[in-house]
Amino acid sequence: MNQTEINDGFENIEEAYGFISDKLAGRVKPETGIVLGSGLGDFADQISDRIEIPYSDIPNFPTSSVEGHKGCFVFGRLEGVPVVCMQGRVHYYEGYPMQKVVMPIRLMCRMGIDKLILTNAAGGIGDSLEPGSLMIITDQITSFVPSPLIGRNYDAGPRFPDMSSVYAPELVEVIKKTAEECKIDIKSGVYLQTTGPNYETPAEIRMYKALGADAVGMSTAVEAMAAVHAGVKVAGISCITNKASGLSTTPLSHSEVQSVADKVQSDFQILLRRIVLLLSS
Ligand code: HPA
């Protein structure tokens, strides 16, 4: 295949960037990007001076079909910090190529954010990760999904980017301290991304555990990779909504995932709000 035949969508990022810049008209220049996972979308209600842009209005933007994902960017201020929140994300299992899955992340990086906070719902593999636990992501395993960096290099970063420190240690430290200060128990561990949409088999979970994974989910890791490639610092927090397959007696369901995520909302929101402030000061 010749390079011009590869539809990598880099031009789409520029077009979407132009569209959003026109809409914002200089009213906010986000410093921190936040991606809200399943059941956490209400967090965006806390943003002041809000400007909402539905994904469906943005040219060439991948839209999500998942229940519980709203599908819009919310720009504004949180504790005075200029932010952009993604209410809902795009998943590989929806059928988009990985480059399209990370297009919204690249777009936020293009808007000039210098920090990205990723959140998700995940299954707990580690012994201490129970439904309702929060976990700071300290590292990740992406070997079971295609790299979003395959194809022509996106010139925001190098062809062969270093991934030895995907989750910025200084951000991890701030999150740990913030949780302590807010008296919110938080664990830490390694997140493994699968393609989904099916949940895992017990044998797969035993394999992932042996490989060093503490939590499993269907998003986040490729987003972190794309942001790191673009030179943006990344933090990640998982809301553990269930014990991973085979580690509890009940079968997994999306409604269980959502109802646990809903219950953890209030702790999660307090923590996230404080983190945004402390990371920017
Ligand atoms: N597996 C994959 N993704 C998930 C899970 C799980 O157990 N829980 C929430 N998202």
Side-chain angles (χ1 to χ4, degrees), residues 34-43 64-71 86-96 98 101-102 117-146 148 167 186-225 235-265 267-269 271-272:
I34 306 166
V35 179
L36 301 168
S38 298
L40 300 167
D42 289 354
F43 180 75
S64 175
S65 56
V66 189
E67 248 177 84
H69 290 259
K70 279 184 192 155
M86 284 186 70
Q87 273 190 312
R89 52 154 62 88
V90 186
H91 301 85
Y92 185 61
Y93 62 73
E94 291 173 85
Y96 293 108
M98 242 0 150
V101 170
V102 301
I117 305 173
L118 300 169
T119 69
N120 61 42
I125 299 177
D127 296 336
S128 67
L129 295 166
E130 297 295 329
S133 302
L134 293 175
M135 184 190 94
I136 307 175
I137 307 178
T138 52
D139 203 351
Q140 64 183 25
I141 298 173
T142 50
S143 317
F144 297 95
V145 292
Y167 296 91
I186 195 158
K187 317 280 191 225
S188 52
V190 173
Y191 178 90
L192 182 146
Q193 181 170 354
T194 65
T195 63
N198 55 289
Y199 292 114
E200 303 70 34
T201 64
E204 284 164 343
I205 293 300
R206 287 194 296 276
M207 170 178 72
Y208 295 154
K209 185 168 190 172
L211 294 176
D214 297 294
V216 61
M218 305 173 195
S219 66
T220 305
V222 293
E223 299 167 354
M225 195 188 277
I237 306 174
S238 291
C239 166
I240 305 297
T241 50
N242 55 279
K243 291 299 274 182
S245 175
L247 302 179
S248 92
T249 47
T250 44
L252 294 179
S253 72
H254 186 58
S255 60
E256 178 198 358
V257 165
Q258 281 206 283
S259 85
V260 175
D262 285 344
K263 281 190 201 132
V264 184
Q265 276 237 29
D267 265 8
F268 209 160
Q269 292 199 11
L271 187 65
L272 207 48

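Values below: every heavy atom of this structure, side chains too, minus hydrogens, waters and symmetry copies. Whatever order the structure lists ligands and atoms in, that order sets their numbers, starting from 1.
- Residues Phe268 and Lys263 have side chains not in contact (no heavy-atom distance under 4.5 Å, counting atoms from C-beta outward).
- Atoms of ligand 1 found under 4.0 Å from any heavy atom of Val216 (numbered from 1 in listed order, with element): 1 (N), 2 (C), 3 (N), 4 (C), 5 (C), 6 (C).
- Atom numbering of ligand 1 starts at 1 in the shown order; those under 4.0 Å from a heavy atom of Ala122 are 5 (C), 8 (N), 9 (C), 10 (N).
- Checked against a 3.5 angstrom limit, the closest N/O atoms of Tyr199 and ligand 1 fall outside it.
- Remark: ligand 1 atoms within the under-4.0 Å shell around heavy atoms of Leu252 are 7 (O).
- The distance from ligand 1 to the heavy atoms of Thr241 drops below 4.0 Å at these ligand atoms: 8 (N), 9 (C).
- Note on Asp127 versus Lys187: no salt bridge recorded, every NZ/NE/NH1/NH2 to OD/OE distance being 4.0 Å or above.
- Closest non-hydrogen pair, Asn242 versus Glu256, comes out as CB-OE2, 3.7 Å.
- Closest approach of Pro146 and Tyr92 over heavy atoms only: CG-OH, 3.4 Å.
- Of all the heavy atoms of Ser245, none lies under 4.0 Å from any atom of ligand 1, so neither backbone nor side chain is involved.
- When only interatomic distances are considered, the shortest N/O to N/O separation between Thr194 and ligand 1 does not fall below 3.5 Å.
- Note that NZ of Lys243 is 7.5 Å distant from OG of Ser133, once rounded to the nearest 0.5 Å.
- Taking a cut-off of under 4.0 Å to the non-hydrogen atoms of Asn242, the atoms of ligand 1 that pass are 5 (C), 6 (C), 7 (O), 8 (N), 9 (C).
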Practice item. Take Val216 and Phe144 through the side chain to side chain contact (heavy atoms under 4.5 Å, CB included) test and state the conclusion after the steps. Key: CA-CA 11 Å; Val216 61; Phe144 297 95; over 6 Å; no
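- Protein heavy atom nearest atom 5 (C) of ligand 1, with residue, atom name and distance: Gly123 N, 3.4 Å.
- Screening Ile137, Leu118, Thr220 against Ser238 for a side chain to side chain contact (heavy atoms under 4.5 Å, CB included) leaves a single residue, Ile137.
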Check your understanding: Run the side chain to side chain contact (heavy atoms under 4.5 Å, CB included) check on Val102 and Met225 step by step: do they pass?
Key -> CA-CA 9 Å; Val102 301; Met225 195 188 277; over 6 Å; no
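- Every atom of ligand 1 is numbered from 1 in the order shown, and the set under 4.0 Å from a heavy atom of Glu200 is 1 (N), 2 (C), 6 (C), 7 (O).
- In the vicinity of Met218, heavy-atom distances shorter than 4.0 Å reach the ligand 1 atoms 2 (C), 3 (N).
- Of all atoms in ligand 1, numbered sequentially from 1 with element shown, those under 4.0 Å from a heavy atom of Ala121 are 9 (C), 10 (N).
- Of all protein heavy atoms, the one lying nearest to atom 3 (N) of ligand 1 is Gly217 CA, 3.4 Å.
- Of all the heavy atoms in Tyr191 and Ala221, the pair that sits closest is CE2-N, 4.1 Å.
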